[in-house]
Amino acid sequence: MDITVDEMIAFLYEFCEPEQPILPDTELLESGLLDSMAFIELLDALADRGCELQPTRCPRSAFSTPESIVRLCREHS
């Protein structure tokens with residue numbers, strides 16, 4: 001899957017309710033920005049783009065920042 005960090009950030013703005021700008025290295029999990037509902041919506045959107053991730057088979061840290069999610073998508077495409 002060829003997705004850019006900017007596209008990932010756009011997805012996150014769509015599914016999360018950020019109070020601060022989302023940057024490539026924004027901590028998503030520890031900050032609570034990527035909550036369970038936003039996480040499910042993000043996984044569905046990525047699946048629609050051809051990247052079907054199994055979150056139970058990926059380390060939690062792979063979902064920690066927009067950059068790390070993009071790397072994960074590239075590894076699973």
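Computed over heavy atoms, backbone and side chain alike; hydrogens, waters and symmetry mates excluded. Quantities reported herein were computed from a predicted structural model and do not represent experimental measurements. Start at 1 with the first residue, then count along the sequence.
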Considering only heavy atoms from C-beta outward, does the side chain of Pro66 approach that of Ile22 to under 4.5 Å? yes
How close do Pro21 and Thr26 get, heavy atom to heavy atom, and via which atoms? O-OG1, 3.9 Å
Heavy-atom check, side chain of Cys58 versus side chain of Leu72, under 4.5 Å: yes
Flag the pair Pro24 / Thr65 as yes when at least one side-chain heavy-atom distance between them is below 4.5 Å, and no otherwise. no
Find the distance between CZ (Arg49) and CG (Asp2) and round it off to the nearest 0.5 Å. 8.0 Å
Assigning hydrophobic clusters by single linkage (Ile, Leu, Val, Met, Phe, Trp, Tyr; side-chain heavy-atom cutoff under 4.5 Å), is Leu23 placed with Phe11? no
Would you say the side chain of Leu53 lies within less than 4.5 Å of the side chain of Leu43, judging by non-hydrogen atoms? yes
Sub-4.5 Å side-chain heavy-atom contact between Leu42 and Ile69: yes
Hey, what do you get for CD (Glu67) to CG (Leu28), rounding to the nearest 0.5 Å? 10.5 Å
Residues that Arg60 engages under side chain to side chain donor-acceptor pair (under 3.5 Å), provided they are two or more places apart: Glu30
Is a side-chain donor or acceptor of Ser68 paired with a backbone partner of Ala62 at a separation under 3.5 angstrom? yes
By side-chain contact (heavy atoms from CB on, under 4.5 Å), Ile40 pairs with (sequence neighbours left out) Asp44
Close side-chain approach of Met8 to Cys73, heavy-atom, < 4.5 Å: yes
Sequence neighbours excluded, which residues qualify as salt bridge (charged side-chain N to carboxylate O under 4.0 Å, His left out) partners of Glu27? none
Given side chains that start at C-beta, do those of Glu52 and Leu46 come closer than 4.5 Å, heavy atoms only? no
Would Ser64 and Ser61 count as having a side-chain donor-acceptor pair, cut-off 3.5 Å? no
